[in-house]
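Here is the structure we will look at.
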There are 2 protein chains.
Amino acid sequence: MNLTNAEENYIKSIFKLQDGTSVVSTNAIAYDLDTKPASVTDMAKKLKEKKLIDYEKYQGITLTAEGRRFALQIVRRHRLWECFLVDKLSFSWDEVHEIAEELEHVKSEKLVNRLSEFLGNPTTDPHGDPIPDAQGKMSKSKQLVSLDKATSKRLEVAGVSDQSSSLLEFLKAKGIRLGTQIEVIERYDFDNSVEIKIKNQSAFTISEQVSKTIMVKSL
Amino acid sequence: MNLTNAEENYIKSIFKLQDGTSVVSTNAIAYDLDTKPASVTDMAKKLKEKKLIDYEKYQGITLTAEGRRFALQIVRRHRLWECFLVDKLSFSWDEVHEIAEELEHVKSEKLVNRLSEFLGNPTTDPHGDPIPDAQGKMSKSKQLVSLDKATSKRLEVAGVSDQSSSLLEFLKAKGIRLGTQIEVIERYDFDNSVEIKIKNQSAFTISEQVSKTIMVKSL
DNA sequence: AATACTATTTAGATTTGTCTAAATTATATT
DNA sequence: AATATAATTTAGACAAATCTAAATAGTATT
């Protein structure tokens, strides 16, 4: 089966968001892919037709075994290209994501396997994320870190270590929820506050108290 | 200005076909891109709008200076990726075209320049075709060879060394014209005949007499 | 349980790139 | 020059992927 780039992007996003969680919501995917919920519904019907996801109206989305197989292939391609860009073309690890996002859609199994070999069959990418092997086997994903200790600039919210409603309310007001993608603009040493930016919003600063409670993984 | 993959493919095709010739016909492009003349007309309007080609109804197509700049960039990307595949991933030169066809559309100038550097700034690709430099400067293209002496399997008809009408008639009947893409299936040593195949047709054999007159370049 | 709010879906439109069939223009032939 | 043939264009349609606005379903709140 041959997937379009758009289909691959949806599969990849669902795979990422499903990690841990059982089902993925229409809105979560829309937010992750920077598109509209209506578009996600449209695509969900298509992917269900192709048996890559399980989907029933209003019930959320999960990958089928087949869908997962594709997802792992795409992740493999993405992370191998990131390795190539950093190891061979001396890009820095924070500028490779966008380029790998394009390279990952080049569909040739032979190419990916040769590339992997050329790179010495690496098992993690420059961000520390594990690379699935040709059979789709992948080691457990990286430990989560709290936002105040994270080292990369592009992060995704993976959890909150404090469940107090005042904190959750604050996060909600700021637009921070599970899966929210964050860009670290600046870290201020004098009070350990962090200036961050969420897609399509202006930047704002959060205190150490708060950043300690936000668990993130790098993108 | 950002071009879609389809637009890039048209620009590349026009550039290739224009080589030598003054204007390129709708039909020639359609044939080269394996599409329909009507589609070419549609795209021609779009590319004219973007000032990448000069085009007047029924008058054929030529690239503008701007269009040529883009074409050279695309050719540069394509040929550098072919070098990468052959030199670094040990592909053979006859299996890299399709993959490079996809890789060439990854749009990052930094990537291309880093790749070129990584490969030692090569000036010709694995087929012997010259690679434009970052400024779009490129040495003259390869000499043409007659079909009986060609070494690669994928060829394009670039001319005929004999103008006799009986030959031209024969070629016309076989569907061989300027720009026709040929795949060499087999060469028979006992009479130096060649079995060839033209896109969307079944294979047929031509004699040495004929193959000597057909000038080709490798693709 | 009724109401309000949020998430999701539907309906209908848009853009890009393509197609077929018919109409038009250019070129070749008698 | 008239006619036949070939090349090109137009008109109208379609699929993929998206969007907006409106309708509907699910969840939360009083």
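Proteins get letters first, then strands, A, B, ... in listed order; numbering begins at 1 in each.
- Spacing between atom CG of B:N2 and atom P of C:dT16 amounts to 13 Å, rounded to whole angstrom units.
- The side chain of A:Q59 lies closest to D:dG26, out of D:dT18, D:dG26, C:dT9.
- For the pair B:L171 and B:T180, the minimum side-chain heavy-atom distance is 4.5 Å or more.
- At least one side-chain nitrogen or oxygen of A:K57 sits closer than 4.0 Å to the OP1 or OP2 atom of C:dT10.
- Whole-Å rounding puts the A:N27 CG to C:dT6 C1' distance at 8 Å.
- Between A:K36 and D:dA21, a side-chain N or O to OP1/OP2 separation shorter than 4.0 Å is absent.
- Using a 4.0 Å heavy-atom criterion, one finds that B:Y10 contacts the sugar-phosphate atoms exclusively.
- Of the candidate nucleotides C:dC19, D:dA17, D:dT10, D:dT10 has the atom nearest to the side chain of B:T41.
- At the phosphate of D:dA16, neither OP1 nor OP2 sits under 4.0 Å from any side-chain N or O atom of A:K46.
- A straight line from CE of A:M43 to C1' of D:dA16 spans 8 Å, rounded to a whole angstrom.
- A distance-only check finds no donor-acceptor pair linking the side chain of A:E66 to the backbone of A:K51 [under 3.5 Å].
- Contact check for B:V96 versus B:F84: no side-chain heavy atoms found under the 4.5 Å cut-off.
- One finds no side-chain N or O of B:T35 lying less than 4.0 angstrom from the OP1 or OP2 phosphate oxygen of C:dG17.
- Comparing D:dT9, D:dT10, C:dC19 by their closest approach to the side chain of B:P37 singles out D:dT9.
- Considering only side-chain atoms of A:D42, the nucleotide from D:dT10, C:dT18, C:dT10 that sits closest is C:dT10.
- With distances taken from any side-chain atom of A:Y58 to the nucleotides C:dA26, D:dT10, D:dT24, the minimum falls on D:dT24.
- Within the 4.0 angstrom heavy-atom criterion, base atoms lie near B:A38.
- Atom NZ in A:K45 sits roughly 8 Å away from atom P in C:dT9 (whole-Å rounding).
- For the pair B:E104/B:N9, a side-chain contact is recorded, criterion being any heavy-atom separation below 4.5 Å from C-beta on.
- Of the side-chain N and O atoms in B:S39, one or more sit less than 4.0 angstrom from OP1 or OP2 of C:dC19.
- Rounded to an integer number of Å, the gap from B:E49 CD to C:dT16 C1' is 15 Å.
- For the atom pair OG1 of B:T41 and OH of B:Y55, the computed distance is 4.5 Å after rounding to the nearest 0.5 Å.
- Proximity note for B:S25 (side chain, C-beta onward) versus D:dT8, D:dT9, C:dT18: the nearest is D:dT8.
- Checked against C:dT8, C:dG17, D:dT8, the side chain of B:T26 finds its nearest nucleotide in D:dT8.
- Backbone-only contact: B:Y55 has heavy atoms under 4.0 Å from sugar-phosphate atoms and none from a base.
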